[in-house]
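Input: a single structure, listed below in structure tokens.
Both ligands and their constituent atoms are indexed starting at 1 by order of listing. Given the structure is predicted, the values throughout are model-derived calculations rather than measurements.
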Amino acid sequence: MTREAHPATGSTPPQPTLAELRRSARTRLEAAGSDSPAADADALLAHALGRDRAFFLAHPEHRPPASSLARFRQLLARRLAGEPVAHLTGRRGFWSLELKVTAETLIPRPETELLVEAALARVDGDRQLRVADLGTGTGAIALALADECPAWRVTAVEASAGALVVARENARRLGLADRVQVVAGSWFGPLAGERFDLVVSNPPYVGVHEPELYEGDVRFEPRSALAAGRDGLGDLRRIVGEAPGHLVAGGWLMVEHGFQQGEAVRRLFLEAGFGGVETLRDLAGHERVTVGRLD
Ligand SMILES: C[S@@+](CC[C@H](N)C(=O)[O-])C[C@H]1O[C@@H](n2cnc3c(N)ncnc32)[C@H](O)[C@@H]1O
């Protein structure tokens, strides 16, 4: 970007300071409808500058070089046009991990951490157990569990070729590839004849006609990661129905679902023969994760 000389003085105005950049980006993002304008502005600035937020706070008067400024302005323009911050930075924090994210993966959600918590609270982390994560996306759940429980061996299944590449890269980068095997296929398809102590899944669960598929950041995420038939229960029906054939006696099934699907999912668990069926609420108080044990 070229900087125009001031017509009266002939001098070039100074580059904006970090404080000025953060303030004006926040204002513009807020006006554009972002739910988290301050966090978005800082994440994009950090990415463009290769600096963290602590630097912005310590050096509000710093004037970034023109190349960083140009990068930041491009990122900001894309965010103002609606692209998710995680797609622009290529990163998203989940549990204690930083994961690579692309437009071919779901952006891991904070509420999915409830599924990780549920597993760690109920299943013995010190025993050598076999775990399956169906529809692993970036590998979020599989990698969080493997990181917390080094004794567990996790098989992560994914149907999207683009997401498979990302999940494998995340496993390698986090040093977890020896404990998390990422396999291609549809739900239990690649796991024929195998049984697990724990099966977890955050499958697509939004009905194809739900307006949320066409709103906000979700518009930029893969439809195949989100939508599951008319009522959003198509994939959950299949996973819960087939799970007993892939669990050991006493094995656990834990799935994430929509906040209005708790009752229907509990019914699926009971019909499939699970006991101790319970639905857990997320931080917003919504029914979000249902768990059950094979008697
Ligand atoms: C809601 S996303 C969850 C991703 C990740 N587990 C997470 O929580 O961030 C659902 C994932 O299931 C994958 N998926 C969709 N249909 C599938 C199928 N038939 N078999 C395996 N994975 C599938 C999608 O590609 C997507 O990665």
> Is it true that Arg109 and Glu256 have a side-chain N and a carboxylate O under 4.0 angstrom from each other?
Replying inline: no

> Can you tell which of Pro222, Ala227, Ala159 gets a heavy atom nearest to atom 22 (N) of ligand 1?
Replying inline: Ala159

> Numbering the atoms of ligand 1 from 1, which are under 4.0 Å from a heavy atom of Thr112?
Replying inline: 8 (O)

> Can you tell which of Val101, Val116, Ile107 makes a side-chain contact (heavy atoms from CB on, under 4.5 Å) with Phe94?
Replying inline: Val116

>> Can you classify the ring geometry of His62 versus Phe55 as parallel (below 30°), tilted (30 to 60°) or perpendicular (above 60°)?
In response: perpendicular

> In the protein, what heavy atom is nearest to atom 19 (N) of ligand 1, and what distance, to one decimal place, separates them?
Replying inline: Ser186 OG, 2.9 Å

> Near Ala225, which atoms of ligand 1 are under 4.0 Å from a heavy atom of that residue?
Replying inline: 1 (C), 2 (S), 10 (C), 24 (C), 26 (C)

>> Within the 4.0 Å heavy-atom shell around Leu106, which atoms of ligand 1 are there?
In response: 1 (C), 2 (S), 3 (C), 9 (O)

> Does some side-chain heavy atom of Leu99 sit less than 4.5 Å from a side-chain heavy atom of Leu174?
Replying inline: yes

> To which protein heavy atom is atom 25 (O) of ligand 1 closest, and what is the distance rounded to 0.1 Å?
Replying inline: Glu158 OE2, 2.5 Å

>> Does the structure place the NZ or CZ of Arg223 under 6.0 Å from the centre of the six-membered ring of Tyr214, at an angle of no more than 45° from the ring's axis?
In response: yes

>> When you compare ligand 1 with Asp235, is there at least one nitrogen or oxygen pair between them that comes in under 3.5 angstrom?
In response: no

> With a 4.0 Å cut-off on heavy atoms, does Gly185 reach ligand 1?
Replying inline: yes

> Relative to ligand 1, is Ala163 under 4.0 angstrom through side chain, backbone, both or neither, heavy atoms considered?
Replying inline: neither

> Where is the nearest protein heavy atom to atom 20 (N) of ligand 1: which residue, which atom, and how far?
Replying inline: Trp187 N, 3.0 Å

> What protein heavy atom sits nearest atom 4 (C) of ligand 1, and how far off is it?
Replying inline: Gly135 O, 3.4 Å

> CG of Asp133 to CG of Leu143: how many Å apart, nearest 0.5 Å?
Replying inline: 8.5 Å

> Are Asp217 and Arg79 within salt-bridge range, i.e. N to O under 4.0 Å?
Replying inline: yes

> For the salt bridge (Lys or Arg N to Asp or Glu O under 4.0 Å) test, which of Arg293, Arg288, Arg122 pairs with Glu278?
Replying inline: Arg122

>> Need the ligand 1 atom indices (1-based, order shown) with element for anything under 4.0 Å from a heavy-atom of Pro203.
In response: 1 (C)

>> Salt bridge or not between Arg173 and Glu169? Use side-chain N to carboxylate O under 4.0 Å.
In response: no

>> When you measure from the heavy atoms of Thr136 to every atom of ligand 1, does any distance fall below 4.0 Å?
In response: yes

> How far is atom 8 (O) of ligand 1 from its nearest protein heavy atom, and which residue and atom is that?
Replying inline: Asn202 ND2, 2.8 Å

> Counting from 1, what ligand 1 atoms have a heavy atom of Ser160 closer than 4.0 Å?
Replying inline: 25 (O)

>> Quick check on contacts: which atoms of ligand 1 are under 4.0 angstrom from a heavy atom of Gly137?
In response: 4 (C), 27 (O)

>> Just to verify, which of Asp231, Asp235, Leu236 counts as forming a side-chain contact (heavy atoms from CB on, under 4.5 Å) with Tyr205?
In response: Leu236

> Heavy-atom distance under 4.5 Å between the side chains of Leu29 and Leu76, does that happen here?
Replying inline: yes

>> Below 4.0 Å from ligand 1: does a non-hydrogen atom of Ser224 turn up there or not?
In response: yes

